[in-house]
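Notes follow once the structure below has been shown.
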Amino acid sequence: MSDRFDAGAADQRWQQRWEESQLFAADSASARPKAYVLEMFPYPSGRIHMGHVRNYTMGDVLARYKRMTGHEVLHPMGWDAFGMPAENAAMERKVHPGAWTYENIATMRGQLKRLGFALDWTREFATCDPEYYGHQQALFLDLLEAGLVFRKESEVNWDPVDMTVLANEQVIDGKGWRSGAPVERRKLNQWFFRITRFADDLLDGLGDLEKWPDKVKLMQENWIGKSQGLQFRFALDRPAGTADLDAVEVFTTRPDTIFGASFVAIAADHPLAMAIAADQPDAARFIEQCKAGGTSAADIETAEKQGYDTGLKAVHPFDADWQLPVYIANFVLMDYGTGAVFGVPGHDQRDHEFATKYGLPIQRVVAPSADEADEPIGEEADDREGVAVHSRFLDGMETEAAKAEVIRRAEAEGWGEGKTVYRLRDWGISRQRYWGTPIPIVHCESCGPVGVKREDLPIRLPEDVSFDVPGNPLDRHPDWKKIDCPRCGQPATRETDTLDTFVDSSWYFVRFASQPGDRPFDKEEASAWLPVDQYIGGVEHAILHLLYARFITRALQHVGRLDIAEPFAGLFTQGMVTHETYQSLDGRWLGPDEIELGEDGQVIEKTSGGGVRKGRVEKMSKSKKNVVDPIPIVDRYGADAARWFMLSDSPPERDLEWSLGGIEGAARFVQRVWRLAGSEKGEGGEDKALERKLHRTIVAVGEAIEGLQFNKAVAALYELTSAIEKAEPSSARDAAIDTLLRLIAPMAPHLAEEAWAARGHQGFIADAPWPEHDPALLVDDEVTMVVQVNGKLRDKMQVARGIARDKAEEMALSLPKVSQILGDNPPRKVIVVPDRLVNIVA
RNA sequence: GCGGACGUGGCGGAAUGGUAGACGCUGCCGACUUAAAAUCGGCUUUCCGAAAGGAAGUGCGGGUUCAAGUCCCGCCGUCCGCACCA
């Protein structure tokens, strides 16, 4: 063996051998227990970044570990290939989105292979492959036939200058990112998936997801937002002219605060608002104003609360003489509840701001106790629950009881009813863009929207499109949309909207498991692999992607395509990769390769020698120029060092700060293991202490990998490596080295294979069984017990394991340090935790 | 604005309510070397002390407990998501 591990040569050698032997191709028919390990597939943006390296390294360690523990492993890779960046590239660089995307895929595939991931490349696909999106169109038709797809009006961000629909991220401070024009909200007829039909089911299903992080389940629960409340009608004292507008229907989750109401507010696009606008020009103007700005919730809710007093009065349901002003308000959403609310400024912060602005009464109607009924409401609303006060017949009732009582009376008197509502809205899937899956619908004047014939799938995107002007190229294509109606044969037009790319990523994991040519997937084969045992990706996907994938899985079950409800049995959300940022003194962002350490230790800009301000540690991003490209790192230090660093130190769920020192440390460790593997062999001899350490490490590393706590596995392996280095040559030490190689094989596979072969073993270490541990070697005969006085550490003692309580107490009390502190006073109390500590309370 | 998390040495972090700082990085000292690199050994929370030893200490302020980084309440700060970014 040579002195230094040649990472470049070893990486290449083993990657080639793995590929030649098709080692990581998954066999659906295998009799071994199956394990499906999946990382969120990447968007082919151009080059892989550190976040990808971290994500795929974690999954790779688990996949390789599962393989060594006797599983048939499915660990596939593909491309989430539709989306806006390809269209932006087309506009900026005059390249076709498809050409741009497939070039990026080719580059990134090579980069991933360079890292030596144990991936089954035979199952690779891109969502922009017509084969894939054709199957997706078939699934769309299934859902359409099952009544899970419908059409309705909904708002989009409209750029009035570019005459195009904008994504939320393209709206910056209420203006279009290219044109700079103030954005408007505009209504379009669009397609939706009826996800709300599964709202309860998606909520209940969270309860069974034991291997999901609680925080993600909680976020989904809040997103679905199931709440019980009261829906009721406020009579309007002056009918607005038409018979059906003599009442306004509101929904509230706090019916107990009904006596604290001081106004009624309706959405700007509420039918009543429309009716009022018809004869009040000021109202019409206000409604126009409300349409300014983007559609995102953050935009709407951080905007200043504004209202327009319609002059109408709503009659309080419990008191015919009590009238509330009716406002049109910019913060009430038509999509949630009934599009109308009553405002209780005492107990809702938004209502409080509104009431303060318009001089409306603020009355306390809930208090921590009846004694505090007259505590004034201060600068902020009091949103705690308690007992009802100043609320007539509700006075003294607990919040929950008061809610029930109001609902009971409303139902008895016939003006309202208890109702369950969800915050979750139906999933809008229409996108007015080219680079996505065409929605397989034909619009016919006589038949309406009709699904295309299945034998015509895939409905392909036309190649000859131009991106010279903004807007949807499908819509302006000269003949693509012209087609005869599949039902009546009359001339008709294709739907020119494409599907949200979240649809693409909502079933790709099924296609990985089974990919027949003639249908989306085979139910039996997919069932053999699904659900995914461990899914790994960024926490930024905690709600939308994961909820949509759960929905689609249920929908596919509903239409009989699949027989599981939950796609991902285990979920892990990993943190971001961050790096320091640097700015020149005049404010330009500088990349890590544009700076260096000056003679006096100050950071300076390489080209000018000018001063550099160290900025905060932030997520790697092009705009801050703090991106480190993984590939030069891999070329310089080897794939294993890069992988090892990604797993070291930082807990995987937290952010990882990239550092040069860190990668060098990892590379040093790779060399240490290599030297150890080539070190002098011993003849015979036991080494009990080393064996103990070894077997504890086997347990620790296995548990750490199963729990995805790779930083702990790394720490345990450092300890074991040091212990072996310090041990005298012996056969026990040689065995420990072979075991160490198997333990690091999932994390540093090239090093492990190279050293395994150099030590004379046959076959791939990737195929070697995971080491077994001997339980007898895990426990020591002696333990250290801590002796505390009043909870403070004063001494320690070595005792036999399993020592009796009274014996431990006696020993502790006889320690000189203890008696010195206690003096002549007998201890008041002694707490003994077996084998751990004695705490003496003086 | 709403929802969710996180906060421990110079740095990344470890710690079933039971020895705070494992392991790694950095730095310093030493060995090897003509020299350097590589490698190996030691030290590295702060304060007081020559040492032995002592005191303080897990964002801030309270609380529960024999015992709190860990549990509870209230703040502060940072990050993620908010439905057309992926």
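Only this structure's heavy atoms are used, side chains among them; waters, hydrogens and symmetry mates stay out. Just so we're on the same page: letters track the sequence lines, and every chain starts at 1.
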Describe the nucleic acid contact of Val165(A) in one word from base, sugar-phosphate, nothing, applying a heavy-atom distance below 4.0 Å. base
Looking across every strand, which nucleic acid part, if any, lies under 4.0 Å from Phe331(A) by heavy atom: base, sugar-phosphate, or nothing? nothing
Tell me whether Asn157(A) contacts the main-chain N or O of Leu166(A) through its side chain, where contact means a donor paired with an acceptor under 3.5 Å. yes
Within the 4.0 Å heavy-atom criterion, would you say Trp223(A) contacts the bases, only the backbone, or no part of the nucleic acid? base
Check every strand shown and say whether Lys215(A) touches a base, only sugar-phosphate, or nothing at a heavy-atom separation below 4.0 Å. sugar-phosphate
Is Arg654(A) near enough to U8(B) that one of its side-chain N or O atoms lies under 4.0 angstrom from OP1 or OP2? no
For this output row, return yes or no: ring centroids of Phe331(A) and Phe354(A) closer than 6.0 angstrom. yes
Say we look at C23(B) and A35(B): how far apart would their P atoms be, to the nearest angstrom? 32 Å
A20(B) C1' sits how many Å from Leu793(A) CG, rounded? 11 Å
I'd like to know if Gln432(A) reaches the base of C84(B) with its side chain such that a donor and an acceptor end up less than 3.5 angstrom apart. yes
Classified by glycosidic angle (syn within 90° of 0, else anti), G9(B) comes out syn
Using the P atom on both, measure A15(B) against A37(B) and round to a whole Å. 36 Å
Distance in angstrom units between Phe710(A) CZ and G24(B) C1', rounded: 18 Å
Just call it for Ile840(A): base, sugar-phosphate, or nothing, with non-hydrogen atoms closer than 4.0 Å on any strand. nothing
Between U19(B) and G1(B), how far apart are the C1' atoms? Round to whole Å, please. 47 Å
Suppose you measure atom C1' in A14(B) against the same atom in A20(B); what distance do you get, rounded to whole Å? 9 Å
Roughly how many Å apart are G12(B) and C82(B), using the C1' atom of each and rounding to a whole number? 31 Å
What's Asn839(A) touching, base or sugar-phosphate or nothing? Going by heavy atoms closer than 4.0 Å. base
Using the C1' atom in both, what is the distance from C25(B) to G3(B), to the nearest Å? 37 Å
List the residues meeting side-chain hydrogen bond (donor to acceptor under 3.5 Å, both in side chains) with Tyr56(A), not counting sequence neighbours, and say none if there are none. none
What about Gln349(A): does its side chain form a donor-acceptor pair under 3.5 Å with the base of C2(B)? no
Do you see a donor-acceptor pair shorter than 3.5 Å between the side chains of Thr196(A) and Asp426(A)? yes
Rounded to whole angstrom units, what separation is found between the CZ atom of Phe669(A) and the P atom of G24(B)? 10 Å
Nearest-Å distance, CD1 (Ile439(A)) to P (C84(B))? 13 Å
Within the side chain of Arg801(A), is there an N or O that forms a donor-acceptor pair under 3.5 Å with the backbone of Glu782(A)? no
At less than 4.0 Å, is any side-chain N or O atom of Thr501(A) found next to OP1 or OP2 of A86(B)? Yes or no. yes
Integer angstrom distance from the C1' of G42(B) to that of G57(B): 26 Å
Residue-phosphate contact under 4.0 Å: Lys305(A) side-chain N/O, G1(B) OP1/OP2: no
Output the rounded distance in Å from CG (Asp649(A)) to C1' (G12(B)). 5 Å
Does a nitrogen or oxygen in the side chain of Arg4(A) sit under 4.0 Å from OP1 or OP2 of A37(B)? no
Short side-chain N/O contact to A56(B) OP1/OP2 from Lys792(A), under 4.0 Å: yes
Which listed nucleotide (G12(B), U39(B), A14(B)) is nearest to the side chain of Lys712(A)? A14(B)
For Phe192(A) together with Trp427(A), are the ring centres under 6.0 Å from each other? no
Taking atom C1' in both G10(B) and C84(B), compute the distance separating them and give it to the nearest angstrom. 46 Å
With a non-hydrogen cut-off below 4.0 angstrom, is Ala542(A) in contact with a base, only sugar-phosphate, or nothing? nothing
Report the stems of RNA chain B as range-with-range entries sorted by first number; a stem here is at least three consecutive pairs, Watson-Crick or G-U wobble, both distances under 3.5 Å, and write none if there are none. B:1-7 with B:76-82, B:10-12 with B:23-25, B:27-31 with B:39-43, B:45-48 with B:53-56, B:59-63 with B:71-75
Among A83(B), C66(B), C40(B), find the nucleotide with the atom closest to the side chain of Lys829(A). C66(B)
Name each donor-acceptor pair under 3.5 Å that joins a side chain in residues 788-796 of chain A to protein atoms two or more places apart or in another chain, with its distance.
residue	atom	partner	partner atom	Å
Asn790(A)	OD1	Ala842(A)	N	2.9

Give one of base, sugar-phosphate or nothing for Leu218(A), where a contact means two heavy atoms less than 4.0 Å apart. sugar-phosphate
In whole Å, I'd like the distance from the CZ atom of Arg828(A) to the C1' atom of A67(B). 14 Å
Need one value for Pro651(A): base, sugar-phosphate or nothing, where a base atom within 4.0 Å counts as base even if backbone is also close, heavy atoms only. sugar-phosphate
Interatomic distance, Ile831(A) CD1 vs A68(B) P [rounded to whole Å]: 12 Å
Charged N to carboxylate O below 4.0 Å: is that the case for Lys226(A) and Glu221(A)? no
Quick check against the 3.5 Å criterion: does Arg350(A) have a side-chain atom that pairs as donor or acceptor with the backbone of Gly343(A)? no
Would you indicate what Glu155(A) reaches in the nucleic acid, counting non-hydrogen atoms under 4.0 angstrom: base, sugar-phosphate, or nothing? nothing
Give a yes or no on whether the ring-centroid distance for Tyr132(A) and Tyr508(A) is below 6.0 angstrom. no
Contact class for Gly538(A) (heavy atom, under 4.0 Å): base, sugar-phosphate, or nothing? nothing
Under 3.5 Å side-chain donor-acceptor pair for Ser648(A) and Asn711(A): no
Would Gln432(A) and Asn472(A) count as having a side-chain donor-acceptor pair, cut-off 3.5 Å? no
In whole angstrom, what separates Arg794(A)'s CZ from G54(B)'s P? 7 Å
Judged by each residue's nearest nucleotide on RNA chain B, which is more toward the 5′ side, Arg350(A) or Arg423(A)? Arg350(A)
Which part of the nucleic acid, if any, lies within contact of Ser648(A), taking any heavy atom under 4.0 Å across all strands shown: a base, the sugar-phosphate backbone alone, or nothing? nothing
Could you check whether Gly662(A) gets within reach of a base, just the sugar-phosphate, or nothing at all, counting any heavy atom under 4.0 Å? nothing
Counting only side-chain heavy atoms from C-beta out, which of C23(B), A83(B), U19(B) sits nearest to Thr784(A)? U19(B)
NA contact type, Gln788(A), heavy-atom cut-off 4.0 Å: base, sugar-phosphate, or nothing? base
Give the nucleotide from the list C84(B), A86(B), G24(B) with an atom nearest to the side chain of Ala167(A). C84(B)
Want to settle it: does Asn711(A) or Asn222(A) sit nearer the 5' end of RNA chain B, counting the closest nucleotide to each? Asn222(A)
